[in-house]
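A short write-up of the structure that comes next.
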Number of protein chains: 2
Amino acid sequence: MRLTTKGRFAVTAMIDLGMRHQRGPVTLAGISDRQRISLSYLEQLFGRLRRQGIVDSVRGPGGGYTLARPMTEITVADIIRAVDEPIDATQCGGLGNCHDDRECMTHDLWMSLNARIYDYLDSVHLAELVQQQLDKPEQCAGKKHEHRRVVGSADLKVAANG
Amino acid sequence: MRLTTKGRFAVTAMIDLGMRHQRGPVTLAGISDRQRISLSYLEQLFGRLRRQGIVDSVRGPGGGYTLARPMTEITVADIIRAVDEPIDATQCGGLGNCHDDRECMTHDLWMSLNARIYDYLDSVHLAELVQQQLDKPEQCAGKKHEHRRVVGSADLKVAANG
DNA sequence: TAATAGTTGACCAAAATAATCAGGATTAGT
DNA sequence: ACTAATCCTGATTATTTTGGTCAACTATTA
């Protein structure tokens, strides 16, 4: 397991996608704009997500990305595994071909915790996170001015297009 | 939250320390040798662990590191926080001074998951991990010639039944 | 049918950041 | 003084992130 900003970006982007995939394919340009993640980087990440069968792509105008399966069947661990391929814990790589006890121990110490973290992240589904966002009234925004009525996340991006 | 090899090394080293701290200060050279982590790197990591009050150091011959508090009061999250200082999820940094709703959303999406991961890792104590190691009969060591089923995460999780 | 434009897909290279290591300085016990 | 150990600071290496180019695909338009 590995949890870096890379994984964070991927999860964030997937939540964004999850929140609006019903309205058809979502473009990376949109996600890039809303979540402030560089487009090039998103392309890289979604390339992997696609090859892992987590999202589907539609090319051409009106295209973009859609979820390849229901949100309830996509876990945080899936997403992280896809973009941040797990470098194995030690040289041994879980194959058990370590040459002495020490290597084994090193490998083992971490792997058992690793497995627990994965178990946990496998229990968190994308659907949950999306729902959590939809339920939540804007927290940050309201702090600045008092009760600025904010727009559901649905219309967050009302930008300037013709 | 951030989980990299850095955090892995720190946790591994702390388990090693936890397993033998009763016999007095443990040297980094020893940990380096047993766990195959470079001494220089361990020094850096333990510098941070010390400044965070997780371990104490004793200089000079016969010196080394000891736990600064009982193993039951040290969590995995403590260790990871100490070495891998949590870069905040976004520019906003949880201060709520984002300049528009989008930033807030980005920040929020991840932070809520982040909090859940921390909650989880805060529930895993060093004592547990150490005990788990002590209970466990050598897995790798004896079995070079046997083709025992290798490390599924299911097996790793508990060592209770052997 | 042909041309145009919006979009992903693959690839490469540079810039920024983080991880890792090496060497010397400092402290304390004998 | 010598040695075993922690501490500190800089150098090196690896990874992350961004930026760019070009090809492939498809809906729209003429």
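Numbers restart at 1 for each chain; the letters A, B, ... are given by sequence-line order, proteins then strands.
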Nearest to the side chain of [X], heavy atoms from C-beta on, is which of [options]?
X: S57(B); options: dT20(C), dA10(C), dT6(D); answer: dT6(D)
X: E43(B); options: dT16(D), dG19(D), dG23(C); answer: dG23(C)
X: P61(B); options: dG23(C), dA18(C), dA28(C); answer: dA28(C)
X: F9(B); options: dT15(D), dC8(D), dT20(C); answer: dT20(C)
X: R2(A); options: dG10(D), dC7(D), dT16(D); answer: dT16(D)
X: D84(B); options: dG19(D), dA19(C), dC7(D); answer: dA19(C)
X: T27(A); options: dT18(D), dT8(C), dT20(C); answer: dT8(C)
X: R51(B); options: dT8(C), dC8(D), dT16(D); answer: dC8(D)

Report task. Taking the side chain as every heavy atom from C-beta outward, state whether M14(B) and F46(B) have any pair of such atoms under 4.5 Å apart. Result -> yes
Requested in this report: Assess whether one donor atom and one acceptor atom, taken from the side chain of R59(B) and the base of dT27(C), lie less than 3.5 Å apart.
Outcome: no
Query raised in the report: Does S40(B) make a side-chain donor-acceptor contact with the base of dA22(C), cut-off 3.5 Å?
Result: yes
How long is the line joining [atom1] of [X] and [atom2] of [N], in whole Å?
X: L42(B); N: dT6(D); atom1: CG; atom2: P; answer: 9 Å
X: R48(B); N: dT9(D); atom1: CZ; atom2: P; answer: 13 Å
X: L28(B); N: dT6(D); atom1: CG; atom2: C1'; answer: 8 Å
X: L17(B); N: dT6(D); atom1: CG; atom2: C1'; answer: 14 Å
X: Y41(A); N: dA15(C); atom1: OH; atom2: C1'; answer: 14 Å
X: L49(B); N: dT6(D); atom1: CG; atom2: P; answer: 13 Å
X: D56(B); N: dA5(D); atom1: CG; atom2: P; answer: 18 Å
X: L39(B); N: dT6(D); atom1: CG; atom2: C1'; answer: 10 Å

Report summary line: Output for pair (R2(B) CZ, L3(A) CG), nearest 0.5 Å, gives 10.0 Å
For [N], does either OP1 or OP2 sit under 4.0 Å from a side-chain N or O belonging to [X]?
X: T5(B); N: dT20(C); result: yes
X: S38(B); N: dT20(C); result: no
X: Y65(B); N: dC7(D); result: yes

Query raised in the report: Is there a donor-acceptor pair under 3.5 Å between the side chain of E128(A) and the backbone N or O of H125(A)?
Result: yes
Query raised in the report: Does T12(A) reach the main-chain N or O of R8(A) with its side chain, forming a donor-acceptor pair under 3.5 Å?
Result: yes
Report task. Taking only Lys NZ, Arg NE, NH1 and NH2, and the carboxylate oxygens of Asp or Glu, determine whether D119(A) and R116(A) approach each other closer than 4.0 Å. Result -> no
Query raised in the report: Is the closest side-chain donor-acceptor distance between D122(A) and T75(A) under 3.5 Å?
Result: yes
**Report entry** Whichever of G47(A) and G60(A) has its nearest DNA chain C nucleotide further upstream toward 5'
**Finding:** G60(A)
